[in-house]
Amino acid sequence: MNNFTYKSPTQVVFGKDTVKEVGQYMKALGKRVLLHYGGGSIKRNGIYDTVIQSLKAQDLEIVEFGGVVPNPRYSMVLEGIDICRKEQVDCILAVGGGSVIDSAKAIAAGYYIENEDYWNDYFMVHKRPTQALPIGVVLTIPAAGSETNRGTVITNDQTAFKRSIGADCMIPKFAIIDPQTHYSLPAYQTACGCTDIIAHLLERYFTQTTNVDFSDRLLEASLKTMIHYAPLALQHPDDYDIRAEIAWCGTIAHNGLLGKGRQEDWGTHDLQHELGAIYDITHGEGLAIMFPAWMKYVYHENPTRFVQFAHRVWDVDYAYDKEEETILAGIEKMERFFHDLGLATRLHEIQIDERDFETMAEKLVLGRDHAGNFMHLKKEDAIRIYQLAK
Ligand code: NZQ
Ligand code: ZN
């Protein structure tokens, strides 16, 4: 196990009817609030009204800024920074999923970045912001894990790059998670969200760090939980207990805890972000396509770990003399699982052909030696993985 430090400072407020409490938590962050949200789902399902009432009950001043799209855009981040400066807001409330929260984080940090090229210096060259407006969250879709972590992923609509930055100053101060607010999610978004949660577990599970049995077991338990509850959520979208299991697992999957003491991978997320940057596809579906392909390409790098995955997570019989068969059976079961959730697991199913493989692979390694850690992926590796995903 590697040395590590661990801190997860976000106050999580979890459970039924907790959205009503948002005003009292927001009040601690400031008086003038930028209320940031997406394309309108919160107006249709009543979350917006509950939030407004709660903020007004605490005499907070509200500056509204809605319209965030999935794969949130840098142009909107710049607009948000301008609004925050002109309106002199004290804090930001993100009501939505990963896209809204990430947009809020980028605005919050960008607010303090002046006389610098925010996109190039930070998103492309990985300078870390040191200061941000305080952020609160009402989470409406369990998926990205952005509600308690330090990361934001933004798409530059001018250059078609999707890039992330991470800094402690962007970690939300609180996150309200009421699983009832997830009932209105369309089946497709539920499936994509669950797949993203699974992907966050897999990015940590596939490590070359040895002697990490405790976190292996935590990851396996979390994966088993998702494999059990994701199909149930599709069958019973308004079952509180099912939504609650997924919501809590989604936060824990990506708050940093499960990767402690081990080197994480993230090659598959990077491969998917290149797809998202060009084709604007849903993050979770992109992962359902890229993970099986990545696994088929890299399992030779540590077959023992892949056998363990097949056996402990997918209940594949452990055939000692047939290592490769065991591994491939595990990968196949996972791919079938994603497909049964209603997602594509091959690029042709979402009408993507090979014309951009070379460009995506080139962008993947731009400015760095390789992507991923389990296997160091170079440009040629990335092209072969995209080909396996065809
Ligand atoms: O925009 P509205 O109308 O609100 O609709 C949204 C959106 O269309 C809808 N939705 C959300 N809550 C709903 C709902 N519809 C009905 N009822 C509800 N309760 O769902 C759609 C997807 O929302 P989005 O926020 O895009 O989903 P998600 O949470 O999956 O976020 C995806 C983004 O997060 C990034 C992804 O790359 C992608 O851009 N990620 C962020 C990470 C992070 N910051 O740590 C890590 C992740 O790996 C990921 O990369
Ligand atoms: Zn993800």
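Throughout, residue positions are numbered sequentially from 1 according to the sequence presented. Hydrogens, waters and symmetry mates are skipped; everything else that's a heavy atom, side chains included, is used. Whatever order the structure lists ligands and atoms in, that order sets their numbers, starting from 1.
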> Tell me the protein heavy atom at minimum distance from atom 23 (O) of ligand 1, and give that distance in Å.
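It is Ile141 CG2, 4.3 Å.
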> Regarding Lys31 and Asp90, does a basic nitrogen lie under 4.0 Å from an acidic carboxylate oxygen?
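No, Lys31 and Asp90 are not salt-bridged.
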> Report whether Leu343 and Ile141 are members of the same hydrophobic cluster (ILVMFWY, side-chain heavy atoms less than 4.5 Å apart, transitive linking).
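In one cluster with Leu343: Ile141, no.
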> Mark up the atoms of ligand 1 that fall under 4.0 Å of a heavy atom belonging to His269, in ascending order.
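Once the distances to His269 are compared, the set is 48 (O).
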> Can you find a protein heavy atom closer to atom 42 (C) of ligand 1 than 4.0 Å?
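When distances to the protein are checked, atom 42 (C) of ligand 1 has a heavy atom within 4.0 Å.
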> Could a heavy atom of Ile42 be found less than 4.0 Å from some atom of ligand 1?
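Contact check Ile42 vs ligand 1: negative.
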> Donor-acceptor pair, Lys333 side chain versus Trp314 backbone, under 3.5 Å?
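Such a contact is found between Lys333 side chain and Trp314 backbone.
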> Can you tell me which residue and heavy atom of the protein come closest to atom 32 (C) of ligand 1, and the distance to 0.1 Å?
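Checked against all protein heavy atoms, atom 32 (C) of ligand 1 sits closest to Ser99 OG, 3.7 Å.
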> Considering only protein heavy atoms, which is closest to atom 13 (C) of ligand 1, and at what distance to one decimal place?
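Among all protein heavy atoms, the one nearest atom 13 (C) of ligand 1 is Leu185 CD2, 3.3 Å.
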> Taking the non-hydrogen atoms of Gln272, is any one of them nearer than 4.0 angstrom to ligand 1?
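No.
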> Nearest protein heavy atom to atom 6 (C) of ligand 1, by residue and atom, and its distance?
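Answer for atom 6 (C) of ligand 1: Ser41 OG, 4.5 Å.
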> Can you pull out the closest protein heavy atom to atom 2 (P) of ligand 1? Residue, atom name and distance to 0.1 Å, please.
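Ranking protein heavy atoms by distance from atom 2 (P) of ligand 1, first comes Gly39 N, 3.3 Å.
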> Below 4.0 angstrom from a heavy atom of Thr140, which ligand 1 atoms are there? Numbered from 1 as shown, please.
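Ligand 1 atoms under the 4.0 Å threshold to Thr140: 11 (C), 12 (N), 13 (C), 18 (C), 19 (N).
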> Numbering the atoms of ligand 1 from 1, which are under 4.0 Å from a heavy atom of Asn71?
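By the 4.0 Å cutoff, the relevant atoms are 38 (C), 39 (O).
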> Does a sphere of radius 6.0 Å around NZ in Lys27 hold more than 12 heavy atoms from other residues, nucleotides or ligands, not counting ones at 6.0 Å or beyond?
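Atom NZ in Lys27 is not packed in, count stays at 12 or less.
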> Taking 4.0 Å as the limit for heavy-atom contacts, which would you say applies to Asp196 with ligand 1: side chain only, backbone only, both, or neither?
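Looking at Asp196 and ligand 1, just side chain atoms fall under 4.0 Å.
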> Short list, please: which atoms of ligand 1 are under 4.0 Å from a heavy atom of Val153?
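Per the distance check, 40 (N), 41 (C), 42 (C), 50 (O).
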> Is His283 in polar range of ligand 1, meaning some N or O pair under 3.5 Å apart?
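His283 vs ligand 1: N/O contact under 3.5 Å present.
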> Keeping Thr207 on the side-chain end and Gln263 on the backbone end, is there a donor-acceptor pair under 3.5 Å?
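Yes; judged by distance alone, with no hydrogens or angles, the pair exists.
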> Between Gln189, Gln180, Arg150, His182, flag the one that comes closest to atom 20 (O) of ligand 1 by a heavy atom.
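Checking each option, the heavy atom nearest atom 20 (O) of ligand 1 is found in Gln189.
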> So that I can tick it off, tell me whether Asp280 and Lys162 are bridged by a salt bridge, with the cut-off set at under 4.0 angstrom between side-chain N and carboxylate O.
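Not counted as a salt bridge, because no side-chain N and carboxylate O are separated by less than 4.0 Å.
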> Is a side-chain donor or acceptor of Lys105 paired with a backbone partner of Ile171 at a separation under 3.5 angstrom?
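No, the answer is negative, given that no donor and acceptor are paired below the 3.5 Å cut-off.
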> Run the numbers for me: atoms of ligand 1, each under 4.0 Å from some heavy atom of Lys162, listed by number.
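Reading through ligand 1 atom by atom, the close ones are 36 (C), 37 (O), 38 (C), 39 (O).
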> Contact between Gly96 and ligand 1, counting heavy atoms under 4.0 Å?
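No heavy atom of Gly96 comes that close to ligand 1.
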> Counting each atom of ligand 1 from 1 as listed, which ones have a heavy atom of His273 under 4.0 Å away?
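What qualifies from ligand 1 is 37 (O), 50 (O).
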> In the protein, which heavy atom is nearest to atom 30 (O) of ligand 1, and how far is it?
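The protein heavy atom lying closest is Ala143 CB, 3.5 Å.
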> Checking ring pair (Phe, Tyr, Trp, His ring centres under 6.0 Å) for the pair Phe65/Tyr37: CA distance, chi angles, key distance, verdict?
CA-CA 7 Å; Phe65 185 38; Tyr37 54 89; 8.8 Å; no
> Between Arg243 (side chain) and Pro237 (backbone), is there a donor-acceptor pair under 3.5 Å?
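Confirmed, Arg243 side chain pairs with Pro237 backbone.
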> Consider side-chain hydrogen bond (donor to acceptor under 3.5 Å, both in side chains). Of Glu220, Arg262, His200, which one does Tyr205 pass it with?
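Exactly one option meets the side-chain hydrogen bond (donor to acceptor under 3.5 Å, both in side chains) with Tyr205, and it is Glu220.
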> Under a 4.0 Å heavy-atom limit, does Asp102 contact ligand 1 with its side chain, its backbone, both, or neither?
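The answer is the side chain.
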> Using a 3.5 Å distance criterion without hydrogens, assess whether the side chain of Gln208 forms a donor-acceptor pair with backbone atoms of Phe374.
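A pair under 3.5 Å: yes.
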> For atom 47 (C) of ligand 1, find the nearest protein heavy atom and state the residue, atom name and distance (0.1 Å precision).
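Checked against all protein heavy atoms, atom 47 (C) of ligand 1 sits closest to His200 NE2, 3.4 Å.
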> Is it the case that the side chain of Arg368 and the backbone of Leu364 share a donor-acceptor pair, with hydrogens and angles ignored and the cut-off at 3.5 Å?
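Judged by distance alone, yes, a pair lies under 3.5 Å.
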> May I ask you to list the protein N, O or S atoms found at less than 2.8 Å from the Zn ion (ligand 2)?
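Protein N, O or S atoms closer than 2.8 Å to the Zn ion (ligand 2): Asp196 OD1, His200 NE2, His269 NE2, His283 NE2.
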> Test your reading of the structure: does Pro70 have an N or O sitting under 3.5 Å from an N or O of ligand 1?
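Min N/O separation from ligand 1 is not below 3.5 Å for Pro70.
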> Before giving the answer on salt bridge (Lys or Arg N to Asp or Glu O under 4.0 Å), spell out for Asp213 and Arg217 the whole-Å C-alpha distance, their side-chain angles and the decisive distance to 0.1 Å.
CA-CA 6 Å; Asp213 199 34; Arg217 299 284 184 181; 3.8 Å; yes
> Could you tell me if Lys43 sits above the aromatic ring of Tyr48, with its cationic atom closer than 6.0 Å to the ring centre and no more than 45 degrees from the axis?
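Because its charged atom sits under 6.0 Å from the ring centre and within 45° of the axis, Lys43 does stack over Tyr48.
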> Name all residues meeting the ring-ring contact (aromatic ring centres under 6.0 Å, His included) criterion together with Tyr386; count only those two or more places apart in sequence or in a different chain, and write none if there are none.
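ring-ring contact (aromatic ring centres under 6.0 Å, His included) list for Tyr386, sorted by chain: Phe357.
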> Going by the order shown, which atoms of ligand 1 are within less than 4.0 Å of some heavy atom of His254?
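Once the distances to His254 are compared, the set is 45 (O), 46 (C).
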> Do the non-hydrogen side-chain atoms of Lys296 and Ile385 ever get within less than 4.5 Å of each other?
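When only atoms from C-beta onward are counted, Ile385 and Lys296 do not touch, as no gap falls below 4.5 Å.
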> According to the side-chain hydrogen bond (donor to acceptor under 3.5 Å, both in side chains) rule, which pairs have a member within residues 109-123, sequence neighbours left out?
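Matches after skipping sequence neighbours: Glu116-Tyr122, Glu116-Lys127, Asp117-Asn120.
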> Run the numbers for me: atoms of ligand 1, each under 4.0 Å from some heavy atom of Pro72, listed by number.
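Atoms satisfying the 4.0 Å criterion: 39 (O).
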> What do you reckon, does Gly98 have a nitrogen or oxygen under 3.5 Å from a nitrogen or oxygen of ligand 1?
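Between Gly98 and ligand 1 (N or O atoms, distance only) the closest approach is under 3.5 Å.
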> Using heavy atoms and a 4.0 Å limit, tell me yes or no: is Gly193 in contact with ligand 1?
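False for this residue.
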> Taking the six-membered ring of Tyr240, is the NZ or CZ of Lys16 close enough (under 6.0 Å from the centre) and on axis enough (within 45°)?
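Positive - Lys16 is close enough to the ring of Tyr240 and near enough to its axis.
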> Quick one: does Ser184 get an N or O within less than 3.5 Å of an N or O on ligand 1?
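Yes; at least one N/O pair falls below 3.5 Å.
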> Starting from Leu93, can I reach Met170 by hopping between I/L/V/M/F/W/Y residues whose side chains sit under 4.5 Å apart?
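No: no chain of side-chain contacts under 4.5 Å links Met170 to Leu93.
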> Give the single entry among Gly66, Gly40, Ala144 that approaches atom 46 (C) of ligand 1 most closely by any heavy atom.
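That would be Ala144.
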> What protein heavy atom sits nearest atom 45 (O) of ligand 1, and how far away is it?
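Heavy-atom neighbour on the protein nearest atom 45 (O) of ligand 1: Asn149 ND2, 2.9 Å.
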> Would you please name every residue forming a side chain to side chain contact (heavy atoms under 4.5 Å, CB included) with Ile62, sequence neighbours left out?
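Ile62 satisfies side chain to side chain contact (heavy atoms under 4.5 Å, CB included) with Leu35, Ile52, Leu55, Lys56, Glu64 only.
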